[in-house]
> 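Pasting a structure below so you can have a look.
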Amino acid sequence: MKIPFLLLILLPSLLTACALERELSRTPRTAVEQVLLTQSVHRAFEDLTIQLPAGVNVDVDATGLESEQSRVRMTNTTEGAMSRPGRDILYIRDAVSAELGRRGYRVSVRDAESPYLIRVMAESFGTMQGLTFLGMPAVQSVLIPFALPELTLYKEQGQSGYVRLHLDIYDNRTGEFLSSTPTLIGRAYYDQYTAVFFFTWYRTDVTAPP
């Protein structure tokens with residue numbers, strides 16, 4: 001019995017498999033990516049220890065690698081002194097400020113002296129994604145007068161959020177460096193799966209995923 005010509009064309013494609021290394025997301029941030037980032041930041045605070053007098057007033061600024069001028073500072077005299085900060089740096093600064101507030105510190109109280117400056121050093125902040133695929137990718141061929149959709153035997157699309165930062169503490173009056181916190185790391189993941197064309201599910205460690 002002869003195998004149909006079309007099957008001969010499709011059979012090698014059905015055996016196609018690929019596994020891509022984790023790479024930077026190239027898409028605008030979806031709700032999933034935003035949650036991965038924000039929960040990674042807050043998980044990093046679980047290991048935060050800071051040695052300052054209870055209830056003291058502090059100034060907070062943050063800097064990272066987004067650009068040479070991605071720094072924003074909260075002071076007790078203005079709402080914020082900015083030099084083209086990225087939104088990521090703004091979020092990290094405000095998240096650290098909120099965490100300090102929950103721990104009893106006063107952040108940039110107007111008309112109050114701030115004896116300490118806390119500088120947030122954002123070493124890494126972003127999402128990564130990867131793909132494992134077994135099946136036939138979508139086909140548009142001159143040999144076939146119609147397009148074929150993707151036929152998935154197994155597919156895993158993995159996304160993860162990662163943040164790495166530490167806090168440097170300075171005497172705000174003299175500029176003297178006082179101490180640094182240990183490096184803080186936070187992670188979160190959201191993995192989507194497809195099997196046998198249409199069975200889909202996901203696994204994640206984020207709270208209330210989209």
Side-chain angles (χ1 to χ4, degrees), residues 16-52 60-67 70 72 74 85-105 107 118-135 137 150-169 180-210:
T16 299
C18 67
L20 301 180
E21 297 291 335
R22 293 278 173 175
E23 58 180 9
L24 289 173
S25 172
R26 296 187 176 92
T27 60
R29 283 181 179 164
T30 64
V32 170
E33 290 177 336
Q34 293 176 49
V35 170
L36 288 172
L37 288 170
T38 56
Q39 294 211 353
S40 294
V41 169
H42 291 285
R43 286 175 183 170
F45 298 152
E46 295 174 1
D47 298 323
L48 174 62
T49 57
I50 189 167
Q51 302 298 324
L52 287 177
V60 179
D61 77 6
T63 187
L65 298 177
E66 266 191 341
S67 72
S70 290
V72 61
M74 292 181 64
R87 293 181 180 178
D88 291 353
I89 299 300
L90 286 170
Y91 179 82
I92 293 172
R93 182 209 66 182
D94 291 344
V96 170
S97 298
E99 180 65 21
L100 294 173
R102 283 189 287 269
R103 297 187 181 212
Y105 299 104
V107 179
I118 297 178
R119 174 161 296 149
V120 184
M121 304 296 292
E123 302 171 17
S124 178
F125 183 71
T127 58
M128 304 288 282
Q129 63 182 7
L131 172 67
T132 299
F133 177 80
L134 176 64
E150 178 180 286
L151 299 177
T152 304
L153 297 179
Y154 176 79
K155 184 177 183 179
E156 176 190 353
Q157 294 175 290
Q159 293 186 88
S160 62
Y162 179 82
V163 63
R164 177 187 174 110
L165 56 86
H166 71 272
L167 278 57
D168 291 333
I169 304 172
S180 289
T181 67
T183 298
L184 308 173
I185 295 175
R187 296 183 176 90
Y189 73 89
Y190 186 96
D191 297 337
Q192 296 174 285
Y193 301 86
T194 302
V196 195
F197 309 131
F198 57 84
F199 293 103
T200 61
W201 70 96
Y202 69 87
R203 293 176 61 248
T204 182
D205 63 351
V206 304
T207 303

> Atom CG of L65 and atom CD1 of I89: how far apart are they, to the nearest 0.5 Å?
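One gets 8.0 Å once the value is rounded to the nearest 0.5 Å.
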> Could you tell me which non-hydrogen atom of V107 sits nearest to which non-hydrogen atom of G101, and how far apart they are?
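Nearest heavy atoms, V107 then G101: CG2-N, 4.4 Å.
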> Looking at E99 and R102, does any basic side-chain N land under 4.0 Å from a carboxylate oxygen?
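So E99 pairs with R102 through a salt bridge.
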> Report the residues that fulfil side chain to side chain contact (heavy atoms under 4.5 Å, CB included) with V206, sequence neighbours left out, ordered by chain and then residue number.
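Counting only residues at least two positions away or on another chain, V206 forms a side chain to side chain contact (heavy atoms under 4.5 Å, CB included) with V35, L36, Q39, A188, T204, P209.
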> Decide yes or no on side-chain contact (heavy atoms from CB on, under 4.5 Å) for L100 and V96, but give the supporting numbers first.
CA-CA 6 Å; L100 294 173; V96 170; 4.1 Å; yes
> Got a second to check how far D205's CG is from S160's OG, nearest 0.5 Å?
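Taking CG in D205 and OG in S160, the distance rounds to 10.0 Å.
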> Could you tell me whether the side chain of T152 reaches within less than 4.5 Å of the side chain of F198, counting heavy atoms only?
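No; the side chains remain at least 4.5 Å from each other.
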> CD/Q51 to CD1/I169 distance, rounded to the nearest 0.5 angstrom?
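Here the interatomic distance stands at 8.5 Å.
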> Can you measure from OG1 (T200) to CD (Q157) and round to the nearest 0.5 angstrom?
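The distance works out to 11.0 Å.
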> Sequence neighbours left out, what passes side chain to side chain contact (heavy atoms under 4.5 Å, CB included) with T183? Give chain and number order.
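Partners of T183 by the side chain to side chain contact (heavy atoms under 4.5 Å, CB included) criterion, ordered by chain and then number, come out as E123, R164, I185.
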> Take L131 and K155 through the test side-chain contact (heavy atoms from CB on, under 4.5 Å) and record every step on the way to the result.
CA-CA 7 Å; L131 172 67; K155 184 177 183 179; 3.7 Å; yes
> Does A44 have any side chain to side chain contact (heavy atoms under 4.5 Å, CB included) partners at least two apart in sequence or in another chain, and if so, which?
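Counting only residues at least two positions away or on another chain, A44 forms a side chain to side chain contact (heavy atoms under 4.5 Å, CB included) with V163, L184.
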> Let me see the working for Y162 and L37 under side-chain contact (heavy atoms from CB on, under 4.5 Å), right down to the final yes or no.
CA-CA 7 Å; Y162 179 82; L37 288 170; over 6 Å; no
> Which atom pair, heavy atoms only, marks the closest approach of Q159 to Q129?
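Scanning both residues completely, I find the closest heavy atoms to be CG-CB, 4.2 Å.
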> Is there a side-chain contact (heavy atoms from CB on, under 4.5 Å) between I50 and Y105 once you walk through the steps?
CA-CA 11 Å; I50 189 167; Y105 299 104; 3.7 Å; yes
> Do you know which two heavy atoms are closest between R103 and L48, and how far apart they sit?
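Nearest heavy atoms, R103 then L48: NH1-O, 2.7 Å.
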> Report the distance from atom CE of M128 to atom CZ of R187, rounding to the nearest 0.5 Å.
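These two atoms lie 12.0 Å from each other.
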> Evaluate the side-chain proximity of F125 to L165: yes if any heavy-atom separation is below 4.5 Å, no if none is.
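Side-chain contact under 4.5 Å: no.
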> Going from CG on D47 to OG1 on T181, what distance comes out if it is rounded to the nearest 0.5 angstrom?
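Output value for this atom pair is 10.5 Å.
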> If we only count heavy atoms from C-beta on, is the M121 to T63 side-chain gap below 4.5 Å?
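Result yes, sub-4.5 Å side-chain heavy-atom pair found.
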> Determine the minimum heavy-atom distance between A95 and F45, stating which atoms define it.
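For A95 and F45, the tightest heavy-atom pair comes out as O-CE1, 3.6 Å.
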> Which heavy atom of P210 sits nearest a heavy atom of Y190, and at what distance?
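So the minimum-distance heavy-atom pair works out to O-OH, 4.0 Å.
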> Y193 vs Y154 aromatic rings, parallel, tilted or perpendicular, using cut-offs 30° and 60°?
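The rings of Y193 and Y154 sit tilted, inter-plane angle from 30° to 60°.
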